[in-house]
A.B. asks: 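Can you keep this structure in mind? I'll have questions shortly.
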Amino acid sequence: MNDKVRVRFAPSPTGYLHLGGLRTALYNYLLAKKYNGTFILRIEDTDQTRFVEGSVDNLINSLVSLGIDFDEGPYKESDCGPYFQSQRLEIYHKYVNQLIEQGDAYYCFCTKEELDTMRAEQQANKLTTKYNGKCRNLSKEQVKQKLADNEPYVVRMKMPDDKIFNFNDLIRGQVEIASELVEDQVILKADGFPTYHLAAVVDDHLMEISHVLRGEEWLYSTPKHIFLYEAFKWETPKWVHLPLLLNTDRSKLSKRHGDFSVKNYLNKGYLKEAIINFVALLGWHAAEDRELYTLDDLSEEFSIERISKSGAIFDITKLDWMNGWYIRNLDIAYIGELCKPYFDDEDIDISNKQKYHKVLVRARDQITNLTQITEHSRMFYNDIQLSNEFLEIVNSEDSQKVLNWYLERLNQIDLNSWIKENLTVISKEGIKETGIKGKNYFFPIRLALFGDCHGPDIPMLLDILGKEETINRLKKFVI
Ligand code: GLU
């Protein structure tokens with residue numbers, strides 16, 4: 001790719017960033033990274049009725065917290081700004097006026113009632129429901145009069161009647177859509193705001209966007225956009241429509257199926273590394289048969305050619321698997337930082353770093369997301385409370401023999417020798433010395449040190465707890 005790559009993620013601030021939006025953002029970001037291009041964030045807030053308070057902050061924070069930073073956008077003004085469409089109204093008005101003057105757009109004064117009746121009639125006659133072009137033929141004088149009378153109006157593009165729009169989509173190849181399927185789209189609304197179609201085309205041109213990567217749901221809007229590019233005599237960007245996201249039963253993934261916001265996944269204990277990796281593979285795959293990628297790997301490997309045409313299955317079990325993998329394999333100090341809030345929530349004192357990391361090394365093998373971490377760790381910190389059934393086991397003669405032996409033997413070890421190898425030797429020695437083996441040997445120790453019959457092996461338990469805590473725990477259960 002020789003030309004400068006300039007791409008944009010252009011969300012409408014109608015809610016929190018969800019995984020579908022994240023995929024669009026990510027693919028744009030990756031293309032920019034791969035070709036040393038520019039990634040732009042543009043807020044498409046021209047539909048004031050759908051604006052959701054707090055969503056712009058959420059969009060930006062979610063992207064940045066996942067490591068997908070943008071080069072130009074809100075609070076990162078550059079020559080092409082402002083990046084909120086609501087701050088660009090004058091620009092749009094200028095171009096709408098140009099289209100009207102050229103005869104490529106017209107004022108429409110139809111009322112809501114008229115439009116409703118039109119639609120009802122078309123439906124009754126089993127026709128495609130679209131604007132019937134009633135105001136196309138108003139004379140200049142009629143328009144002038146209506147404007148002078150302050151009649152509310154919108155502006156519509158004048159779609160040619162019998163044109164075949166033929167364009168190349170980098171994923172789908174040649175796409176043909178007949179203009180008769182496309183209506184005279186409103187480009188300027190009664191409230192003076194442009195619609196998405198006009199604003200996006202004008203901005204993509206002025207912001208020198210080279211590739212438009214967006215969801216497949218916009219494929220059928222592309223003729224409207226091409227119409228505008230042709231009317232302005234502008235060069236079109238390259239079109240890349242990303243495959244739909246599907247549930248495992250191949251139905252369309254939609255918000256109705258759950259809270260797909262990035263924030264929700266982060267709150268549920270998913271790592272940003274897993275989220276990025278998972279989302280990257282929703283419709284893209286590498287040349288080799290490989291599943292695990294960091295953001296940096298992806299920036300090198302990503303290519304439009306490997307985005308698939310067919311819908312991408314959203315399989316949560318794959319995300320769980322990846323999340324577990326990252327939890328087990330990323331640096332333990334980093335995992336420790338991420339887990340800290342969960343321990344803080346339970347008032348568990350993790351100031352002993354060495355112990356904390358040992359606890360995590362063991363606990364992270366048991367979990368698929370971070371919210372489960374304390375469930376597998378708190379027994380190393382909190383006092384052990386045993387049920388009557390367990391107490392009975394611990395109080396038996398054999399058990400007491402084992403516990404006493406341990407207490408005495410471990411007391412003899414100095415702190416420097418408290419290492420796994422020695423502890424393993426001692427654990428074996430105990431079997432010989434006490435003459436007790438199997439569960440009669442292991443259960444009492446595990447119960448006293450861990451609170452359950454099943455769990456880590458004895459040397460690991462001793463190693464995690466350390467000498468002092470081990471002795472204290474044993475003492476508690478020695479009668
Ligand atoms: N504002 C549109 C959306 O939220 C952007 C579509 C596009 O990328 O052109 O889906």
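Every value quoted in this text rests on a predicted model; they were computed, and no experiment measured them. Counting begins at 1 with the first residue of the sequence. Reckoned from all heavy atoms, side chains included, excluding hydrogens, waters and symmetry mates. In listed order, ligands and their atoms are each counted from 1.
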A.B. asks: Looking at Phe314, Tyr270, Trp321, which one forms a ring pair (Phe, Tyr, Trp, His ring centres under 6.0 Å) with Phe278?
C.D. replies: Phe314

A.B. asks: Please identify which atoms of ligand 1 are closer than 4.0 Å to at least one heavy atom of Arg214.
C.D. replies: 7 (C), 8 (O), 9 (O)

A.B. asks: Hey, which of Arg42, Arg8, Arg6 is the one that makes side-chain hydrogen bond (donor to acceptor under 3.5 Å, both in side chains) with Glu72?
C.D. replies: Arg6

A.B. asks: Flag Ala200 as yes when one of its N or O atoms lies below 3.5 Å from any N or O atom of ligand 1, and as no otherwise.
C.D. replies: no

A.B. asks: Considering only protein heavy atoms, which is closest to atom 5 (C) of ligand 1, and at what distance to one decimal place?
C.D. replies: Ala10 O, 3.2 Å

A.B. asks: Is the shortest distance from a Lys or Arg side-chain nitrogen in Glu469 or Lys355 to a carboxylate oxygen in the other one below 4.0 Å?
C.D. replies: no

A.B. asks: Salt bridge or not between Arg136 and Asp184? Use side-chain N to carboxylate O under 4.0 Å.
C.D. replies: yes

A.B. asks: With a distance cut-off below 6.0 Å to the six-membered ring centre and an angular limit of 45° from the axis, does Lys163 pair with Phe165 as a cation-pi contact?
C.D. replies: yes

A.B. asks: Give the residue and atom name of whichever protein heavy atom lies nearest to atom 10 (O) of ligand 1, and the separation in Å to one decimal.
C.D. replies: Trp218 NE1, 3.3 Å

A.B. asks: Just need the protein heavy atom nearest to atom 8 (O) of ligand 1, so name the residue and atom and give the distance.
C.D. replies: Arg8 NH1, 2.7 Å

A.B. asks: At a non-hydrogen distance cut-off of under 4.0 Å, which region of Phe9 contacts ligand 1 (side chain, backbone, both, or neither)?
C.D. replies: neither

A.B. asks: Considering non-hydrogen atoms of the protein only, which is the closest contact for atom 7 (C) of ligand 1, and what is the distance?
C.D. replies: Tyr196 OH, 3.3 Å

A.B. asks: Quick one: does Glu217 get within less than 4.0 Å of ligand 1, heavy atoms only?
C.D. replies: no

A.B. asks: Any Lys/Arg nitrogen of Asp69 or Lys76 sitting under 4.0 Å from an Asp/Glu carboxylate oxygen of the other?
C.D. replies: yes

A.B. asks: Hey, is Arg119 close enough to Asp116 for a salt bridge, meaning N to O under 4.0 Å?
C.D. replies: yes

A.B. asks: Among all protein heavy atoms, pick out the one at the shortest distance from atom 1 (N) of ligand 1; state its residue, atom name and that distance to 0.1 Å.
C.D. replies: Glu44 OE1, 2.6 Å

